[in-house]
Protein chains: 2
Amino acid sequence: MNPVNRENDEAARVADSRLVHDFGLLIKAATRLEQRIDTALRKECEISHTMFEVLIRLCRHPDEEISQRRLADDLTLTSSGITRLIDRMEGSGLVRRVPAPGDRRSVLVESTDHGRAVFLRAAAAHAQVVERYFVAPLASADYGRLTHSLGEIEKALRDS
Amino acid sequence: MNPVNRENDEAARVADSRLVHDFGLLIKAATRLEQRIDTALRKECEISHTMFEVLIRLCRHPDEEISQRRLADDLTLTSSGITRLIDRMEGSGLVRRVPAPGDRRSVLVESTDHGRAVFLRAAAAHAQVVERYFVAPLASADYGRLTHSLGEIEKALRDS
DNA sequence: CCTCAGCAATTGATTGCTCAGTAATTGAGA
DNA sequence: TCTCAATTACTGAGCAATCAATTGCTGAGG
């Protein structure tokens with residue numbers, strides 16, 4: 001057997017490996033899930049899933065605003081990505097920029113009344129999809145395990 | 001308490017809910033993981049993670065080519081997305097388009113020798129990241145559970 | 001046999017991100 | 001006190017996806 005044929009077999013073996021399949025499954029499930037939520041939110045609330053993720057963080061602690069820097073890190077966007085995302089959200093009246101007291105480089109973001117109202121409607125749509133495709137398909141013991149595992153993965157990524 | 005304040009509290013409660021946190025974790029873990037792999041592959045093999053996913057599928061069954069349609073469905077891309085992706089891959093000599101016998105609408109794609117060689121190097125880089133951030137952080141019992149759960153989710157999404 | 005609804009791939013226009021580079025601001029060390 | 005490296009947000013250019021519209025092809029029903 002010539003070297004190229006051997007390489008083909010090796011490639012086939014690797015492409016079919018457990019690791020590749022399993023990891024592919026994670027990416028596929030996450031992608032499809034996010035896509036469903038995105039289209040549901042766009043249809044029912046005129047916002048993207050990314051905007052929803054921003055609103056979550058702004059509504060979580062109603063008293064304290066959050067810096068763009070922190071939002072970018074949390075959403076895994078670059079600072080320029082966040083700048084433009086907040087531009088759009090500010091443009092549609094969902095959030096407001098306020099100067100950060102004590103650090104004039106930084107910009108804080110807070111949700112508007114309208115933003116919170118949209119968030120509540122969006123959360124309902126979100127819950128419906130999540131309930132159906134993330135919670136319902138799993139035995140309840142598995143659900144807890146799954147989120148625990150995801151937490152471990154996230155921690156490993158953060159610590160490096 | 002006026003209605004707006006009540007709405008704020010409600011928003012804070014929802015934004016802090018179990019469902020929102022857990023689902024956020026899935027998205028975050030998947031995004032960060034994919035990002036790591038993408039940058040590793042770009043650095044070491046000059047391909048994107050998406051291209052790698054194409055190569056996986058083409059190398060898996062070396063004898064049979066795969067249609068663009070099937071690739072698009074599998075990678076959750078639109079058909080126009082796949083057209084341009086294959087354009088780029090063909091441009092850098094990773095794959096080849098061949099007319100589908102028996103259906104002249106359809107285009108089949110197959111990997112080139114170069115594509116398979118790149119795939120083998122890429123798979124090594126991929127394995128390193130996956131091993132470290134997906135396998136290592138988990139107890140081995142949890143790993144099996146996790147992939148099983150992901151499979152269930154994927155199935156629920158597919159059946160709808 | 002012909003028609004016509006439906007599917008595959010492609011293309012132009014648009015969107016939402018990244019990267020690279022800039023300007024303002026900060027804080028730590030000489 | 002001054003300097004300078006690091007940090008924040010922003011901007012222009014570019015890239016990879018989407019959507020919408022088009023073309024070519026297929027197969028089922030009249």
Side-chain angles (χ1 to χ4, degrees), chain A residues 27-28 30-32 34-43 46-55 65-92 94-110, chain B residues 27-28 30-32 34-43 46-55 65-92 94-110:
Chain A
I27 297 299
K28 198 189 236 175
T31 306
R32 290 218 206 292
E34 187 173 11
Q35 225 160 59
R36 295 258 177 168
I37 288 181
D38 190 68
T39 62
L41 292 178
R42 294 191 121 92
K43 194 156 297 174
E46 314 251 85
I47 63 173
S48 66
H49 174 243
T50 320
M51 291 180 179
F52 182 66
E53 291 285 336
V54 170
L55 289 176
E65 304 90 359
I66 300 188
S67 75
Q68 288 193 181
R69 180 66 264 163
R70 189 149 153 36
L71 284 172
D73 290 343
D74 229 39
L75 302 203
T76 33
L77 291 183
T78 60
S79 69
S80 91
I82 255 302
T83 294
R84 295 187 233 257
L85 176 58
I86 299 300
D87 283 351
R88 275 173 276 134
M89 293 183 74
E90 203 172 29
S92 43
L94 297 165
V95 304
R96 200 177 7 249
R97 276 188 241 241
V98 304
D103 188 342
R104 276 186 294 176
R105 288 170 303 181
S106 181
V107 173
L108 302 184
V109 185
E110 66 180 16
Chain B
I27 297 299
K28 199 189 236 175
T31 305
R32 291 218 206 290
E34 187 173 10
Q35 226 160 57
R36 295 257 179 170
I37 288 181
D38 190 68
T39 63
L41 292 178
R42 295 191 120 91
K43 193 156 298 175
E46 315 251 85
I47 63 172
S48 65
H49 172 65
T50 321
M51 290 181 179
F52 181 66
E53 291 285 336
V54 170
L55 289 176
E65 305 89 1
I66 300 188
S67 74
Q68 290 194 179
R69 180 66 266 162
R70 189 147 152 38
L71 284 171
D73 290 343
D74 230 40
L75 303 203
T76 31
L77 290 182
T78 59
S79 68
S80 90
I82 253 304
T83 294
R84 294 188 236 256
L85 176 59
I86 299 300
D87 284 350
R88 287 186 308 264
M89 293 183 74
E90 203 172 30
S92 43
L94 297 165
V95 304
R96 201 177 4 249
R97 278 187 241 241
V98 303
D103 189 343
R104 276 186 294 175
R105 289 169 303 180
S106 182
V107 173
L108 301 184
V109 184
E110 66 180 16

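Each chain gets a letter, A, B and so on, in the order the sequences are listed, and its residues count up from 1.
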task = Please work out if B:R70 contacts a base, only the sugar-phosphate, or nothing of the nucleic acid, heavy-atom cut-off 4.0 Å.
result =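 No contact.
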query = For A:T50, which contact category applies under a 4.0 Å heavy-atom criterion: base, sugar-phosphate, or nothing?
reply =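 The answer is sugar-phosphate, as A:T50 gets under 4.0 Å only of primed atoms, P, OP1 or OP2.
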Taking all non-hydrogen atoms of both residues into account, name the closest pair between [X] and [Y] and its distance.
X	Y	result
A:L108	A:A100	CG-CB, 3.7 Å
B:E65	B:V98	CG-CG2, 4.2 Å
A:A30	B:I27	O-CD1, 4.1 Å

key: Atom CZ of A:R97: over 12 foreign heavy atoms under 6.0 Å   =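 Counting neighbours around CZ of A:R97, more than 12 heavy atoms of other residues, nucleotides or ligands fall under 6.0 Å, so yes.
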Near-strand residues of residues 76-86 of chain A, defined as heavy-atom separation under 4.0 angstrom from DNA chain D =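 Output list: A:S79, A:S80, A:T83, A:R84.
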inquiry  = Using heavy-atom distances to pick each residue's nearest nucleotide on DNA chain C, tell me which of A:R42 and A:R105 is more 5'.
reply    =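 The residue whose closest nucleotide sits nearer the 5' end is A:R42.
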key: Nearest-nucleotide 5' precedence on DNA chain C, A:S48 against A:D103   =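 Going by which nucleotide is closer to the 5' end, it is A:S48.
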Nucleotide [N], atom [atom2] - distance to [atom1] of [X] in whole Å:
X	N	atom1	atom2	value
B:H49	D:dA17	NE2	C1'	15 Å
A:Q68	D:dT11	CD	P	11 Å
B:R69	D:dT26	CZ	P	17 Å
B:M89	D:dA17	CE	P	11 Å
A:R88	D:dC10	CZ	C1'	15 Å
A:D38	D:dC19	CG	C1'	14 Å
A:D73	D:dT7	CG	P	11 Å

inquiry  = Is the shortest side-chain heavy-atom distance between A:S48 and A:D38 below 4.5 Å?
reply    =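 With C-beta onward as the side chain, the pair touches.
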ask   = Would a 4.5 Å heavy-atom cut-off, applied to side chains only, mark B:K28 and A:D74 as touching?
value =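 Of all side-chain heavy-atom pairs linking A:D74 with B:K28, at least one is under 4.5 Å.
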Separation of [Y] [atom2] from [X] [atom1] (nearest 0.5 Å):
X	Y	atom1	atom2	answer
B:M51	B:E46	CE	CD	10.5 Å
A:R70	A:S106	CZ	OG	11.5 Å
A:L85	A:L71	CG	CG	8.5 Å

ask   = First contact, last contact: which nucleotides of DNA chain C are these for chain A, 5' to 3', heavy-atom distance under 4.0 Å?
value =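 Contact span on the strand: C:dG16 to C:dT26.
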